[in-house]
Trainee: 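Following this message is one structure expressed as structure tokens.
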Amino acid sequence: MRMADEAEESVPALRYEERPDGPAVVLLDQTRLPAEEVELVCTDVPGLVGAIRSLAVRGAPLLGIAGGYGVALAAARGDDVAEAAGRLAQARPTAVNLAYGARRVEAAYEAVLRAGEGEAAAAVRALEEARALHREDAEACARMIGHGFALLDEFAPGRSLRLLTHCNTGSLVTGGQGTALGVVKEVHRAGRLRWLWVDETRPLWQGARLTAWEASRAGMAYSVLADSAAGSLFAAGEVDAVLVGADRIAADGSVANKVGTYPLAVLAAHHGVPFVVVAPVTTVDPATPSGAGIEVEQRPGGEVTELTGLPSVGAREPGAVGGAGFALAPVGAPAYNPAFDVTPPELVTALVTEQGVLRPVTGEGIAELCSTSRGEVSRSGNGMMNS
Ligand SMILES: CSC[C@H]1O[C@H](OP(=O)(O)O)[C@H](O)[C@@H]1O
């Protein structure tokens, strides 16, 4: 167990291993960070589904990669691949990437079976597709980071920036350097990060625990803040731009992201601050017409009403993250705990993907984004451009 104190830019959040005792998906248990770097070895799909539900592995792009490797793991074990893909796809409902990754690898596996090449060859193909998905995400991060940095430079040429972010969108949620936090890292590397404001991100503290962990390792100047303190920073003129990730982007440009994102978008609009979403095209879901159609995951109330310890203590409620904790409310108090909220497109200044920057974010622009194959760049009257 390595303590989280080495100065490293990014730590691989997940890998697939063919071990002497069999294949496994090995992941950095994010419920144990920042205090401990503990690896979780998932040797079967039920174990991986449990890790996804407990947020030991989390974040839309990484969930897609985990879903893909999970199907490859089932194929390597000779398990029922269709059943495994279904369980993985349904492990968390909001991040579209999870189902995309699982189904894409399942389709690769099935194609080899249909060709009559047998289960062993199909299992090899499944792992190849999962690894391709992983590589593509890392490449997408690099392109998003370039487009995002150029966009910020357009907003404030040559200036140092005070950026605010919510939840965690760095190396811990992608196959590469991250989405929104990946852009922040690039601003920092360019010597242009004046300050990073890190929303703690209640109730699971992804900001305080994970973004602060990544920011510390990158040597950034930052402050953690209570989510409710963000408004006073906008009022004081202390925020030059907001950068967040996404879990699902509907066909009309509505953005589902960690709960607390929508209020930031309203604050940014009120104060004339750019509100920028950074997400790979695999987060875009043309099959969901609008934000109203996005299923928002409802999580156990105990995550709100208890301050929990390490998950090893044993969660109070099925599915809740963390172990037995301290009551922050009367025991058994009812709680409302949506994991995400939805921001309408009119509050999004720009959507940065690996294919370019969409500004403004409109249904037409989203449709065009989905119609181009990966890597192509499209330019259109609705502001789709490659920055
Ligand atoms: C770059 S996607 C990260 C995205 O995922 C987080 O949700 P969770 O921690 O519940 O997996 C959050 O919405 C982040 O913006």
Side-chain angles (χ1 to χ4, degrees), residues 8-13 59-62 64-65 97 132-194 196 211 214-215 217-220 240-246 249 253 255 257 274-284 348-361 365-366 368-370 372-380 382-387:
E8 277 177 21
E9 271 278 304
S10 67
V11 179
L62 194 71
I65 296 167
N97 313 60
L133 180 63
H134 197 162
R135 275 195 312 276
E136 287 168 20
D137 185 75
E139 291 158 7
C141 285
R143 293 168 68 97
M144 278 186 273
I145 287 167
H147 293 317
F149 183 81
L151 179 68
L152 290 178
D153 201 36
E154 195 184 304
F155 289 148
R159 272 183 40 205
S160 289
L161 295 163
R162 297 157 299 180
L163 303 174
L164 185 141
T165 193
H166 190 70
C167 198
N168 170 250
T169 57
S171 309
L172 289 173
V173 295
T174 65
Q177 284 289 311
T179 59
L181 190 60
V183 175
V184 176
K185 287 176 185 175
E186 187 64 17
V187 171
H188 170 63
R189 276 193 287 266
R192 304 243 323 255
L193 182 66
R194 183 169 156 193
L196 175 64
T211 296
E214 290 200 55
R217 299 169 83 87
M220 292 181 194
D240 297 313
V242 178
L243 291 166
V244 296
I249 300 171
V255 176
N257 195 50
F275 180 85
V276 179
V277 175
V278 186
V281 175
T282 49
T283 305
V284 180
V348 181
T349 309
L351 168 61
V352 176
T353 77
E354 66 273 35
Q355 292 192 18
V357 177
L358 191 56
R359 189 178 51 180
V361 181
I366 293 292
E368 183 172 358
L369 192 63
C370 296
T372 58
S373 63
R374 181 180 295 283
E376 285 175 15
V377 173
S378 68
R379 293 178 182 276
S380 70
N382 63 25
M384 176 68 183
M385 66 174 212
N386 179 11
S387 66

Trainee: Once you round to the nearest 0.5 Å, how far does OG1 of Thr282 lie from CG of Asn97?
Mentor: 4.5 Å
Trainee: Grab the two heavy atoms, one from Ala246 and one from Ala279, that are nearest each other, plus how far apart they are.
Mentor: CB-CB, 3.9 Å
Trainee: So which atom in Ala350 and which in Val357 form the shortest heavy-atom distance, rounded to 0.1 Å?
Mentor: CB-CG1, 3.9 Å
Trainee: Are Arg159 and Asp240 within salt-bridge range, i.e. N to O under 4.0 Å?
Mentor: yes
Trainee: Determine whether Glu214 and Arg217 satisfy the following criterion, salt bridge (charged side-chain N to carboxylate O under 4.0 Å, His left out), listing intermediate values before the conclusion.
Mentor: CA-CA 5 Å; Glu214 290 200 55; Arg217 299 169 83 87; over 6 Å; no
Trainee: Atom CG in Leu161, atom CZ in Phe155: separation rounded to 0.5 Å?
Mentor: 10.5 Å
Trainee: Quick one: does any side-chain atom of Lys185 pair with a main-chain N or O of Ala218 as donor and acceptor, under 3.5 Å?
Mentor: no
Trainee: Between Asn257 and Val277, is any pair of side-chain heavy atoms under 4.5 Å apart?
Mentor: no
Trainee: So among Val284, Ile366, Thr353, which one has a side-chain contact (heavy atoms from CB on, under 4.5 Å) with Leu358?
Mentor: Ile366
Trainee: Looking at every non-hydrogen atom in both residues, tell me the closest pair between Val255 and Gly245 and how far apart they are.
Mentor: CG1-O, 4.3 Å
Trainee: To the nearest 0.5 Å, what is the distance between OG1 on Thr174 and CD1 on Ile145?
Mentor: 7.5 Å
Trainee: Please report the closest heavy-atom contact between Ser171 and Ala13, naming both atoms and the distance.
Mentor: O-CB, 3.9 Å
Trainee: Side chains of Leu351 and Leu369: closer than 4.5 Å at any heavy-atom pair?
Mentor: yes
Trainee: How many angstroms lie between atom OG1 of Thr179 and atom CG of Asp137, to the nearest 0.5 angstrom?
Mentor: 9.0 Å
Trainee: Working to the nearest 0.5 angstrom, can you tell me the gap between Met220 CE and His188 NE2?
Mentor: 6.0 Å
Trainee: Could you measure the distance from the CG atom of Asn168 to the OG1 atom of Thr211? Nearest 0.5 Å is fine.
Mentor: 4.0 Å
Trainee: Measure the shortest side-chain to side-chain distance between Arg192 and Asp153 over non-hydrogen atoms and say whether it is less than 4.5 angstrom.
Mentor: yes
Trainee: Tell me which one of Leu243, Val244, Val348 satisfies side-chain contact (heavy atoms from CB on, under 4.5 Å) with Val276.
Mentor: Leu243
Trainee: Is there a donor-acceptor contact under 3.5 Å from the side chain of Glu186 to the main chain of Gly146?
Mentor: no
Trainee: Tell me the closest heavy-atom pair linking Gly64 and Leu133, and the distance in Å.
Mentor: O-CD2, 3.4 Å
Trainee: Could you pull out the closest heavy-atom pair between Thr169 and Leu181, with the gap in Å?
Mentor: OG1-N, 2.8 Å
Trainee: Can you check side-chain contact (heavy atoms from CB on, under 4.5 Å) on Met144 and Val183, steps first, answer last?
Mentor: CA-CA 8 Å; Met144 278 186 273; Val183 175; 5.6 Å; no
